[in-house]
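Working notes, beginning with the structure itself.
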Amino acid sequence: MRVDRCDFSGYKVYPSRGKVYVRGDSKTFRFLNHKSESLFLQRKNPRKIAWTQVYRRMHKKGITEEVAKKRSRKNVKVQRGIVGADLASILAKRTAKPEVRAAARAAAITKAKTEKRDKETAKVANRGQSNAPKVSKQAMKGGKGGR
């Protein structure tokens with residue numbers, strides 16, 4: 001005995017019961033009764049109609065309590081090094097006291113400032129030494145030179 005499912009409600013359709021609806025593209029639909037056929041032809045969504053099996057499945061109705069909830073695995077966080085810093089150096093930076101960190105930061109700032117100052121003084125010194133006549137880029141390339 002072949003038992004089909006109603007395409008709208010999801011209930012079983014036993015032999016010699018229900019209707020078969022054939023659409024223009026030759027797709028067949030089996031319905032348990034006129035009610036489900038009518039709702040299908042009105043293009044109603046079975047997920048929104050409370051008595052259908054699809055609605056009950058979506059809204060978790062009638063599920064037995066024997067089925068235990070699946071246990072989700074907890075993600076275990078693992079620390080590891082990244083490019084340019086191994087794990088030991090990262091942990092050392094993290095555990096450093098704020099005073100030590102502030103002192104290192106101040107030292108780095110003063111070092112950067114002195115390097116910048118030295119660069120500026122070298123630039124000023126170089127500016128005074130060049131007494132060569134100014135030549136345009138075009139003249140350097142072999143142009144006619146300001147004609």
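Owing to the predicted nature of the structure, the values given are computational and were not obtained by experimental measurement.
Atom OG of Ser9 and atom CZ of Arg30 lie 13.5 Å apart (nearest 0.5 Å). Rounded to the nearest 0.5 Å, atoms CE (Met58) and CZ (Arg47) are 7.0 Å apart.
Taking both residues in full, the closest heavy atoms of Cys6 and Leu32 are given as SG-N, 3.4 Å, listed atom of the first, atom of the second, then distance. The minimum heavy-atom distance linking Lys35 with Trp51 is given by the pair CE-CZ2, 3.4 Å. Of all heavy-atom pairs between Arg5 and Val13, the closest is C-CG2, 4.1 Å.
For His59, the NE2 atom is densely surrounded, since the number of other residues' heavy atoms within 6.0 Å is greater than 12.
Both Tyr21 and Ile49 sit in one connected hydrophobic cluster of ILVMFWY residues. Membership requires side-chain heavy atoms under 4.5 Å apart, directly or through other members. Residues Leu41 and Val54 are members of separate hydrophobic clusters, defined by side-chain heavy-atom contacts under 4.5 angstrom among Ile, Leu, Val, Met, Phe, Trp and Tyr.
Proximity of Arg57 to Gln53: side-chain heavy atoms (C-beta onward) are separated by under 4.5 Å at one or more points. By the 4.5 Å heavy-atom criterion applied to side chains, Leu87 and Gln79 are counted as neighbours.
Ion pair Asp25/Arg23 flagged as a salt bridge, since at least one NZ, NE, NH1 or NH2 atom sits closer than 4.0 Å to an Asp/Glu carboxylate oxygen. Salt bridge annotation for Arg2-Asp4: present, with a cationic side-chain nitrogen under 4.0 angstrom from a carboxylate oxygen.
For the ring pair (Phe, Tyr, Trp, His ring centres under 6.0 Å) test with Phe31, the passing option among Tyr11, Phe40, Phe8 is Phe40; the others fail.
Judged by distance alone, the side chains of Ser89 and Asp86 do bring a donor and an acceptor atom under 3.5 Å apart.
For Asn33 (side chain) and Ser36 (main-chain N/O), a donor-acceptor pair under 3.5 Å exists by modelled atom type. At distances below 3.5 Å, at least one donor-acceptor pair connects side-chain atoms of Thr52 with backbone N or O atoms of Pro46.
Annotation: cation-pi pair Lys12/Tyr14 absent, no NZ/CZ under 6.0 Å from the ring centroid and within 45° of its normal.
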